[in-house]
Amino acid sequence: MGATIRGILSVVPSNTRSIEDLASRFGRADAQRLTQMTGIEQMRVVPEGQTCGDLAEQAAASLLTKLGIAPRDVDGLVFVTQTPDYIMPATACILQDRLGLPKQSLAFDVNLGCSSYPYGLAIAYGLISAGLARRIMLLTGDTLSVWVKPEDKATFPLFGDGVAATVLESNPDGDDLLGTDLGTDGNGWANLLVAVGQCRYRSVDEFSVAAPECLRAVRHPSHISMDGNMIFAFTLREVPGIVARTLNSAGKDMEAVDYFFFHQANKFILDHLVRKIDLPPEKCPLSIARYGNTSGASPAITACHSVPNVNRDRELTAMFVGFGIGYSWGGVLARLRPGTVFPVEEL
Amino acid sequence: MTRNDALGLLESALDETTGTIAETTELESLRGWDSVGMLSVMALVDSNVGVVLHPEKIAGSVTAGDLLDLVSETSWNRRDTE
C-alpha cells in the first residue's frame, strides 16, 4: 500500500522575540554578532500558558478544515516532539480527544527533535504501508523556548517554537515518499540535552553529585545545554551523506529535486552546507530569519514559508532533511502534489 | 597552500586585520577567538582543506601555529585512512 501526502500546514506562536529583546539582554554589539551568525532577525515563542500541544491542535484542526477532512475520518495521530505537555501521558492521546478523532485511532508520541520531520514521515508511511492506519495526522515540533536559560547566549537567541501538521493517507496508486535515509550516532548524545528533570537526574543536586565526566561542562542542567561546535562538526560529517543516500534510495539525482528543505540549524551552518554539497542556493530556501531554529518542525515550516505559491498549481519534488540532537538524522524525498503546502499560520 | 596563506585565511575567519596573526600569536589574545570564531575556523578548514577538525582539539591549540599543525596532522591522518 502506498501513501499520499495530502497537506502540510505549520503554526507558530504570534508572540515575537526580536533583535531588540536580545540587545536589551546581551548588549547591542553581542546581539548583532549573534544575529549575524544565526541569521535570526526574529523568532516566535510561546507566551506563558501556551504549549506545544496547543500549537499542534491548531495546526491539525486548521489543516483538516483546509483539506475538507472530518476528524472522524482520521485513524492515526503521531506526535513527534521533545516538549510534550506532560511527562505522561502522551500528548498524542490528549490531542486525539481534543481533535475528536475516533477511539479506534492509534495515537502515540515519539521523542525526537531536529530529525523529527523525516522520521515522522517515515513512521506514518510505515504504519499506512503496513495497513495499520488509513489516514494519519502527523504532528512534529517543539517549544524549546521553554527550556532555554535566558542568560545562555548559545541557546536563548537561537530556538523558536512551532509545529507542523501533515496528513498522509493510503493510496494504492502510488507513493509520495520517493526515498528515505534515517540514521543515528548516539555517541553524541551529551552535546545537546536537558540533563535534569527526568529519571536519570531528578534534581540539580542529584546531577551535581552524580553527573558523569561527559556532562561536567553542563552549566545549566535544568535547561538546554548545547556544544555548538560539536554539533557543527557532526553536521559537516553527516549531512552531505544524508542528501546523497536519500537521493540514491530514490534513484534520483540532484537535478530532479526542486527544493531542499533543511533543518534550520543556523544560517552560518546552512550557508556552509549548501556550498559544501554544491546545491543551488535558490533551491534551499530558509525560514530561520523569521522564525529562528524551530527544531524538528523547521523543514516543514520552511516549506510552508517558502513555496505555497509555487506549489499551488505545480507538483514539486522536495527533500526534507533533519539532523541534530541525539545525534539523529533523516532525509525524505517526497512528491508534493499541487496545492498541498499551506502558508504558516499563527496562534 | 603555504602556512602564511593559512594565517591570512585565519585572520579573515576571525575578523582580524591583515598581518596581525603570526604563528606565535596566542589564540586567546585574539578578540575573535570565541565559540563563533572556532565555528568560523572549522568552516574555513572544511572548505579549503576538506577535513573536519575536532572541536576539542581546536580548543587545545594555544597558538596559531598549533592550529596550523592540527590542520596538517588531521589532513595527513585522513589521507592515511583513505
Side-chain angles (χ1 to χ4, degrees), chain A residues 22 26-27 29-40 152-158 185 187-188 190-192 213-217 219 225-242 265-279 293 323 327, chain B residues 1 6 8-17 20-21 26-64 66-82:
Chain A
L22 296 185
F26 300 120
D30 276 3
Q32 283 175 341
R33 190 150 187 256
L34 290 165
T35 298
Q36 192 177 5
M37 163 63 68
T38 61
I40 298 170
D152 185 359
K153 285 183 192 170
T155 58
F156 184 84
L158 188 64
D185 178 5
N187 187 45
N191 295 319
L192 182 50
E213 186 60 36
C214 65
L215 296 183
R216 287 290 174 197
R219 283 179 295 170
S225 172
M226 181 176 75
D227 186 330
N229 288 341
M230 290 296 282
I231 299 291
F232 185 45
F234 150 74
T235 300
L236 294 182
R237 284 196 310 270
E238 295 297 342
V239 175
I242 303 169
N266 81 37
K267 187 172 187 302
F268 178 85
I269 290 176
L270 290 169
D271 286 347
H272 184 76
L273 275 177
V274 167
R275 283 195 301 271
K276 183 179 172 80
I277 306 173
D278 199 19
L279 297 173
N293 175 336
F323 50 88
Y327 303 132
Chain B
M1 184 189 307
L9 286 173
L10 186 59
E11 287 164 348
S12 149
L14 298 180
D15 263 344
E16 297 288 336
T17 312
T20 55
I21 300 182
E26 293 199 359
L27 295 166
E28 290 290 349
S29 71
L30 300 170
R31 190 182 166 278
W33 187 249
D34 56 9
S35 59
V36 174
M38 287 189 203
L39 212 65
S40 301
V41 167
M42 290 170 69
L44 176 83
V45 173
D46 184 47
S47 295
N48 287 277
V49 190
V51 297
V52 179
L53 297 180
H54 196 289
E56 285 175 2
K57 291 192 173 174
I58 298 176
S61 300
V62 177
T63 64
D66 293 342
L67 198 55
L68 299 192
D69 291 342
L70 175 63
V71 174
S72 302
E73 180 191 321
T74 310
S75 178
W76 278 108
N77 285 346
R78 188 192 65 155
R79 285 179 212 176
D80 285 347
T81 56
E82 279 177 352

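Sequence lines set the chain letters: A, B, ... in the order given, protein chains first and strands last, and positions in each chain run from 1. What you see below is based on every heavy atom in this structure, not just the backbone, and it leaves out hydrogens, waters and symmetry mates.
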Whatever's closer than 4.5 Å to a heavy atom in chain A on B/V52 counts as side chain

What distance do [X] atom [atom1] and [Y] atom [atom2] have between them, rounded to the nearest 0.5 Å?
X: B/E56; Y: A/D227; atom1: CD; atom2: CG; result: 7.5 Å
X: B/D15; Y: A/Q36; atom1: CG; atom2: CD; result: 7.5 Å
X: A/M230; Y: B/M42; atom1: CE; atom2: CE; result: 8.5 Å
X: B/L39; Y: A/I231; atom1: CG; atom2: CD1; result: 11.0 Å
X: A/D30; Y: B/D34; atom1: CG; atom2: CG; result: 8.5 Å

Using a cut-off of 6.0 Å, state whether more than 12 heavy atoms not belonging to B/R31 lie near its atom CZ.
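Not buried by this count: 12 neighbours or fewer within 6.0 Å.
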
Q. More than 12 non-hydrogen atoms from neighbouring residues, nucleotides or ligands closer than 6.0 Å to CG on A/N187, yes or no?
A. no

Under a 4.5 Å heavy-atom cut-off, does chain B meet the side chain of A/R275, its backbone, both or neither?
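Contact with chain B is absent: no heavy atom of A/R275 under 4.5 Å.
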
Partner chain A: residue of B/P55, B/S47, B/S35, B/A59 with the largest heavy-atom pair count (under 4.5 Å)
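Most pairs with chain A among the choices: B/P55.
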
Of all heavy-atom pairs linking B/A43 and A/F268, the shortest is CB-CZ, 3.6 Å

Ranking A/R237, A/H272, A/K276 by heavy-atom pairs under 4.5 Å to chain B gives rank one to A/H272

